[in-house]
Amino acid sequence: MKPLLWCVLLLSLTVNLSVNFVIDEGALQILLSVCSGVVLIGSGIGLWMLRDRGDAQVY
């Protein structure tokens, strides 16, 4: 699961950065940027939730 989330995170980051250079300003650029940003945040949260907590104790 983690490797898939890392791939999605990197792919969405690449898409988000490249959309600004490839597509001229307009609604399509905003829509693609927002969608890839949501995917980026979602995969980041998924990776954070699946992290190894080690010897952390819950009080």
Asks: Examine L4 and M49 and state if one hydrophobic cluster contains both, with Ile, Leu, Val, Met, Phe, Trp and Tyr joined whenever side-chain heavy atoms are less than 4.5 Å apart.
Replies: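 Not linked; separate clusters.
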
Asks: Same hydrophobic cluster for I30 and L28, using side-chain heavy-atom links shorter than 4.5 Å among ILVMFWY?
Replies: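 No, I30 and L28 fall in different hydrophobic clusters.
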
Asks: Could you give all pairs that pass the side-chain hydrogen bond (donor to acceptor under 3.5 Å, both in side chains) test and reach residues 36-46, with sequence neighbours left out?
Replies: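 Matches after skipping sequence neighbours: none remain.
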
Asks: Determine the minimum heavy-atom distance between E25 and Q29, stating which atoms define it.
Replies: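 Looking at all heavy atoms of both residues, the closest pair is CA-OE1, 3.1 Å.
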
Asks: Using side-chain contact (heavy atoms from CB on, under 4.5 Å) as the criterion, list what pairs up with L31, not counting sequence neighbours.
Replies: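 Scan of L31 (side-chain contact (heavy atoms from CB on, under 4.5 Å), adjacent residues dropped) gives C35.
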
Asks: What pairs of donor and acceptor atoms, side-chain ones from residues 8-17 against any protein atom, are under 3.5 angstrom apart with sequence neighbours left out?
Replies:
| residue | atom | partner | partner atom | Å |
| --- | --- | --- | --- | --- |
| S12 | OG | V8 | O | 3.0 |
| S12 | OG | L9 | O | 3.0 |
| T14 | OG1 | L10 | O | 2.8 |
| N16 | OD1 | S33 | OG | 3.2 |

Asks: Test of understanding: with side-chain contact (heavy atoms from CB on, under 4.5 Å), list the residues that count as partners of L50, not counting sequence neighbours.
Replies: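 In terms of side-chain contact (heavy atoms from CB on, under 4.5 Å), with neighbours along the sequence ignored, L50 is linked to M1, K2, L5.
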
